[in-house]
Amino acid sequence: MTQAPKILAFAGALRKESTNKKTVRVAAEGARKAGAVVTVIDLKDYPLPVYDGDIETNEGFPENVTKLQELMIANDGFLIASPEYNSSISGALKNVIDWTSRANGEIAGLAAFKGKVAAIMSASPGGLGGLRGLFDIRKILSTIDVIVLPAQIAVSHSYQAFDDDGNFNDEKMQENVERLGANLAEILIKLND
Ligand code: FNR
């Protein structure tokens, strides 16, 4: 029997009430329903300094970099929802990618990314839903050998988008975000065959 695909899900936002965290949780549920084992993490639990080559050289890698790299390596794919900051990727997400892309002891450079498959989403209180940031996230992930699914979702007016249980008020949006999570799971199942 094919092993269930493993997916690591996280948001490129840190704040507690983050609508990107809510979005990625809905996608994670869709992936679970489609047969994946999904681990949802909060990047706030893995604080990191801004990447600095002197820290790497003089102090070695922060423990949280190694923890994140191990988690990424243990999973087949990523579900990522990230805010757009000034029309691009959030600093939190870029910093995590920068640290975890590095060779770290036994872990080869890009080992956390090579051959992984990702589905990307964004949520924003604005009308475009953070869509412009997705182009940069796609570009960055693609250049570090992540296969990014063509489908992506931008949730506009995100501060009004969720009910108290963290589901979308709009049934269609709930279905679409769950479907994106399910698509990732289904593709990983096919790849694992
Ligand atoms: C933003 N925000 C924002 N929104 C957007 O749609 N396009 C943008 O370019 C920006 N730029 C931007 C820069 C900075 C520095 C901040 C702090 C915010 C607003 C942003 O979408 C909003 O804060 C979201 O709520 C962030 O997502 P979470 O925290 O709800 O996940």
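Whatever order the structure lists ligands and atoms in, that order sets their numbers, starting from 1. In this chain, residues are counted from 1 in sequence order.
- Among residues at least two apart or in separate chains, side-chain hydrogen bond (donor to acceptor under 3.5 Å, both in side chains) pairs with a member in residues 28-37 are Glu29-Arg32, Lys33-Glu178.
- Distances shorter than 4.0 angstrom do not occur between any heavy atom of Gly126 and any atom of ligand 1.
- Taking atom 6 (O) of ligand 1 as the reference point, the nearest protein heavy-atom neighbour is Ser124 OG, 2.6 Å.
- In summary, the atoms of ligand 1 found under 4.0 Å from a heavy atom of Asn20, numbered by their order in the structure, are 27 (O), 28 (P), 31 (O).
- Once rounded to the nearest 0.5 Å, the distance linking CD1 of Ile107 with CD1 of Ile73 reads 4.5 Å.
- Between Tyr159 and ligand 1, at least one pair of N/O atoms sits closer than 3.5 Å.
- Counting heavy atoms under 4.0 Å from ligand 1, residue Ser18 touches it through both backbone and side chain.
- Residue-ligand proximity, Arg132 to ligand 1, at heavy-atom distances under 4.0 Å covers atoms 7 (N), 9 (O).
- Using a 4.5 Å cut-off on side-chain heavy atoms (C-beta onward), Tyr51 and Lys94 make no contact.
- Of the protein's non-hydrogen atoms, Ser87 N, 2.8 Å is the one closest to atom 9 (O) of ligand 1.
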Intermediate values then yes/no, salt bridge (charged side-chain N to carboxylate O under 4.0 Å, His left out), Asp76 and Lys116:
CA-CA 5 Å; Asp76 306 305; Lys116 309 291 179 190; 5.8 Å; no
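- Shortest contact from atom 1 (C) of ligand 1 to any protein heavy atom: Tyr85 CD2, 3.6 Å.
- Any N or O atom pair closer than 3.5 Å counts here, and Glu17 shares no such pair with ligand 1.
- Across Lys21, Arg15, Glu84, Lys22, heavy-atom proximity to atom 10 (C) of ligand 1 is greatest for Glu84.
- A side chain to side chain contact (heavy atoms under 4.5 Å, CB included) with Met121 is found for one member of Leu134, Leu79, Ile137 and no other, namely Leu79.
- Proximity of Pro125 to ligand 1 is established by a heavy-atom distance of less than 4.0 Å.
- From Asn75, atom CG reaches atom OG1 of Thr39 across 5.0 Å, with rounding to the nearest 0.5 Å.
- Applying the 6.0 Å contact sphere to CG of Asp164 captures no more than 12 heavy atoms from other residues, nucleotides or ligands.
- Across Val155, Asn86, Leu131, Val24, heavy-atom proximity to atom 12 (C) of ligand 1 is greatest for Asn86.
- Remark: minimum distance from atom 26 (C) of ligand 1 to any protein heavy atom is reached at Pro83 CB, 3.5 Å.
- Screening residues 140-150 for side-chain hydrogen bond (donor to acceptor under 3.5 Å, both in side chains), with sequence neighbours left out, gives Lys114-Asp145.
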